[in-house]
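Following: one structure in structure tokens, then a few remarks.
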Amino acid sequence: MSCDRILVTAKQLESVVSGLAEEIAAAYRNLDNIVALVMLDGARYFAKDLLANLDFPVEVVFIKASSYGSRTSSCGRVRIGASADLTNQIRGKHVLVIDDIYDTGLTLATLLNRLRDYQPQSIRTCVLLEKAIEHTQKIPIDFRGLIIEDAFVIGYGLDFDGRYRDLPFIASFSPKHACSAKNAHGA
Ligand code: PRP
């Protein structure tokens with residue numbers, strides 16, 4: 001596995017995101033009190049484009065969750081950031097959890113468990129990518145962009161040790177290889 005293989009191009013991402021927005025719009029358009037809960041840092045790029053495609057108002061709440069650090073596999077412990085106002089932001093609302101990737105499922109499982117304490121009216125999940133693996137935690141995904149192979153991936157918000165998030169495409173990555181937009185295109 002090296003970083004010279006693009007799995008999803010920028011153009012494909014645009015089309016996937018717009019398709020997801022259509023599905024979400026069909027499900028939520030006639031509801032009030034919708035909250036998009038965006039998982040930082042990875043989902044920031046995806047959520048920005050996704051929400052820009054919606055033609056109705058959505059409150060946006062950001063929450064920090066992390067378990068990978070500078071590794072390419074989950075450390076198995078998910079840290080969810082504190083948000084003092086989460087009760088008011090969630091209670092009685094239709095919550096759409098937005099994450100960039102469903103891998104082991106530990107991050108979403110931890111968040112969803114915590115969210116139930118805040119008594120939302122409904123919770124649905126949206127991920128850009130789902131890995132084609134046996135997930136450690138099985139999560140019901142309501143809106144899914146693409147299923148991808150079992151590779152460590154970077155770009156469009158996904159990082160390795162804080163780097164490569166701003167690549168406009170999704171590529172596979174091996175920590176042994178330096179990666180740039182140039183060599184990721186195979187140049
Ligand atoms: C990544 C990604 C997801 C999570 C998915 O976050 O953004 O939130 O891992 O993995 P899982 O299904 O195995 O739990 P990460 O912990 O790397 O933090 P980051 O979003 O700040 O990059």
Side-chain angles (χ1 to χ4, degrees), residues 1 3 6-8 10 12-13 16-17 20 24 35-51 60-83 86 89-90 95-116 118 120 123-181 184:
M1 179 174 69
C3 68
I6 294 181
L7 302 182
V8 193
Q12 287 169 327
L13 283 169
V16 167
V17 170
L20 277 172
I24 290 167
V35 174
L37 193 62
V38 179
M39 311 281 283
L40 297 178
D41 293 312
R44 185 196 297 270
Y45 294 67
F46 165 47
K48 175 174 172 288
D49 291 343
L50 181 71
L51 297 171
V60 183
V61 171
F62 296 99
I63 192 153
K64 173 71 186 161
S66 85
S67 66
Y68 282 70
S70 58
R71 303 152 49 110
T72 55
S73 60
S74 172
C75 72
R77 287 185 311 280
V78 180
R79 290 192 301 271
I80 304 277
S83 169
L86 210 51
Q89 289 165 321
I90 299 296
V95 177
L96 176 65
V97 174
I98 300 176
D99 207 352
D100 48 3
I101 188 164
Y102 170 26
D103 189 346
T104 66
L106 289 169
T107 304
L108 279 170
T110 306
L111 180 77
L112 293 175
N113 278 339
R114 177 140 345 152
L115 278 187
R116 290 187 188 103
Y118 295 103
I123 305 177
R124 280 191 262 203
T125 53
C126 172
V127 296
L128 174 65
L129 305 172
E130 174 175 343
K131 273 198 191 173
I133 58 169
E134 191 67 28
H135 305 289
T136 308
Q137 294 281 335
K138 293 198 172 33
I139 307 294
I141 302 296
D142 298 286
F143 308 99
R144 173 188 297 99
L146 291 168
I147 295 179
I148 58 159
E149 66 189 61
D150 184 14
F152 188 82
V153 287
I154 53 168
Y156 200 56
L158 292 144
D159 74 312
F160 171 68
D161 201 14
R163 289 171 286 156
Y164 310 122
R165 291 194 199 274
D166 54 353
L167 293 176
F169 47 76
I170 308 277
S172 60
F173 177 77
S174 163
K176 288 186 194 138
H177 295 81
C179 190
S180 68

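Each ligand, and each atom within it, is numbered from 1 in the order the structure gives. Numbering starts at 1 and runs along the sequence shown.
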Margin query: Under 4.0 Å from a heavy atom of Asp159: which atoms of ligand 1 are those, numbered in the order shown and with their elements?
Written below: 22 (O)

Next item on the list: Can you see which heavy atom on Val127 is nearest to which on Phe46, and at what distance?
Entry: C-CE2, 4.1 Å

Item checked: Parallel, tilted or perpendicular: rings of Phe152 and Phe160 (30°, 60°) -> perpendicular

Checklist line | Polar contact flag for Thr104 and ligand 1 (N/O pairs, less than 3.5 Å) | finding: yes

Checklist line | Point-to-point distance, once rounded to the nearest 0.5 Å, from CZ of Arg44 to CZ of Phe62 | finding: 6.5 Å

Margin query: Is the contact between Arg165 and ligand 1 made by the side chain, the backbone, both, or neither, using heavy atoms and a 4.0 Å cut-off?
Written below: side chain

Item checked: Leu40, portion touching ligand 1 at heavy-atom distance under 4.0 Å -> backbone

Notebook entry, point to check: Which of the atoms in ligand 1, numbered in the order shown and given with their element, are less than 4.0 Å from a heavy-atom of Asp99?
Noted result: 3 (C), 7 (O), 8 (O)

Note to self: Using a 3.5 Å cut-off on N or O atoms only, is Leu158 in polar contact with ligand 1?
What the structure shows: no

Note to self: Is the contact between Asp103 and ligand 1 made by the side chain, the backbone, both, or neither, using heavy atoms and a 4.0 Å cut-off?
What the structure shows: both

Notebook entry, point to check: Do you know which two heavy atoms are closest between Lys138 and Tyr102, and how far apart they sit?
Noted result: CA-OH, 3.4 Å

Notebook entry, point to check: Of Asp166, Asp100, Asp49, which meets side-chain hydrogen bond (donor to acceptor under 3.5 Å, both in side chains) against Tyr156?
Noted result: Asp49

Next item on the list: Mind checking whether Ile101 contacts ligand 1 via backbone (N, CA, C, O), side chain (CB onward), both or neither, at a 4.0 Å heavy-atom cut-off?
Entry: both

Item checked: Rounded distance (nearest 0.5 Å) linking atom CG of Leu129 with atom CG of Leu7 -> 9.0 Å

Next item on the list: Please round to the nearest 0.5 Å and tell me the distance separating atom CZ of Phe143 and atom CD1 of Ile24.
Entry: 5.5 Å

Item checked: Contacting atoms of ligand 1, where contact means under 4.0 angstrom from a heavy atom of Gly105 -> 11 (P), 12 (O), 13 (O)

Margin query: Checking contacts here: is it the side chain or the backbone of Ala43 that comes within 4.0 Å of ligand 1, counting heavy atoms only? Could be both or neither.
Written below: neither

Margin query: Check this for me - ligand 1, Gly42, N or O atoms closer than 3.5 angstrom, yes or no?
Written below: yes

Next item on the list: Hey, could you give me the CG/CZ distance between Leu96 and Arg124, rounded to the nearest 0.5 Å?
Entry: 8.0 Å

Note to self: I need the contact type for Lys64 against ligand 1. Using non-hydrogen atoms and a strict under-4.0 Å cut-off, is it side chain, backbone, both or neither?
What the structure shows: side chain

